[in-house]
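Take a look at the structure set out below.
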Amino acid sequence: QVQLVESGGGSVQAGGSLRLSCVISVSGFSINAMGWYRQAPGKQRELVARIYSGGSTNYADSAKGRFTISRDNGKNTVYLQMNSLKPEDTAVYYCNAVVAGNGFSGLDSWGQGTQVTVSS
C-alpha cells in the first residue's frame with residue numbers, strides 16, 4: 001500500500017515562508033519520484049516541484065528561485081520549502097509519489113492536501 005500525509009500548511013502574509021512536509025508510507029512499492037502539486041479554486045492542478053529517485057529536480061516556472069523541494073529517504077519524507085510567498089501561491093497543495101511494484105509501473109499516489117493561504 002501507499003499512503004501520503006501532508007502537513008505544514010497554513011496562513012501567511014505575502015513575503016513569508018512555509019515548509020510543507022509529506023510522509024510517505026510504502027509497502028511493496030518503490031518510489032520513483034515525489035513531488036508537490038497545487039490547485040487553486042477554479043483552476044487546474046499544476047506541478048510545483050518534483051524530485052526523482054536519483055536526486056534531480058524540476059520546478060514550475062512560478063516556483064523557481066522561491067521554492068525548494070528536498071527529501072529524506074530514511075524517513076520517507078519529502079519537503080517543500082516555500083519562501084517569498086505571493087498571494088497567487090494560495091492553493092491546496094498535494095503531495096505526490098510515483099511508485100512501482102506489485103505489478104504496477106508509474107502508479108501515481110496522492111495525499112489529501114494541505115491548504116496554503118497567502119494574504120496581501
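Source: prediction; values computed, not measured.
Atom-to-atom distance recorded for Trp36:CH2 and Leu80:CG is 6.5 Å, nearest 0.5 angstrom. One distance of note links CD1 of Ile31 with CG of Asn76; it measures 5.0 Å at 0.5 Å rounding. Atom OG of Ser109 and atom CG of Leu4 lie 6.0 Å apart (nearest 0.5 Å). The OG atom of Ser105 sits 7.0 Å away from the CG atom of Asn32 when rounded to the nearest 0.5 Å. Note that SG of Cys22 is 10.0 Å distant from CD of Gln3, once rounded to the nearest 0.5 Å. Once rounded to the nearest 0.5 Å, the distance linking CG of Asp72 with OH of Tyr79 reads 5.0 Å.
Screening residues 16-42 for salt bridge (Lys or Arg N to Asp or Glu O under 4.0 Å), with sequence neighbours left out, gives Arg38-Glu46, Arg38-Asp89.
A perpendicular orientation is assigned to the rings of Tyr94 and Trp110, their planes being inclined by more than 60° (bins at 30° and 60°).
Phe29 and Val98 are not part of a single hydrophobic cluster, where members link through side-chain heavy atoms under 4.5 Å apart. Hydrophobic clustering (ILVMFWY, side-chain heavy atoms < 4.5 Å, transitive): Leu18 and Ile51 are in one cluster. Linking ILVMFWY residues whenever their side-chain heavy atoms come closer than 4.5 Å, directly or via other members, places Val116 and Ile69 in the same cluster. Following chains of ILVMFWY side-chain contacts shorter than 4.5 Å, one can reach Ile24 starting from Phe104, so the two form part of one hydrophobic cluster. In the hydrophobic clustering of ILVMFWY residues, with side-chain heavy atoms under 4.5 Å counting as a link, Val48 and Val92 come out apart.
Between the side chain of Tyr93 and the backbone N or O of Glu6, no donor-acceptor pair lies under 3.5 Å. Side-chain atoms of Arg71 come within 3.5 Å of backbone atoms of Ser53 as a donor-acceptor pair (strictly under, hydrogens ignored). With hydrogens and angles ignored, the 3.5 Å screen pairs no side-chain donor or acceptor of Asn58 with any backbone N or O of Ala49. Thr90 places a side-chain N or O within 3.5 Å of a backbone atom of Val118 that can act as its donor or acceptor partner.
The shortest non-hydrogen separation linking Val78 to Cys95 is CG1-SG, 3.7 Å. Contact between Thr114 and Leu20 at its shortest, heavy atoms only, is CG2-CD2, 4.1 Å. Considering all non-hydrogen atoms of both residues, Pro87 and Ala14 come closest at CD-CB, 4.1 Å.
More than 12 non-hydrogen atoms from other residues, nucleotides or ligands lie less than 6.0 angstrom from CD of Glu88.
For the pair Ser25 and Gln1, the minimum side-chain heavy-atom distance is 4.5 Å or more.
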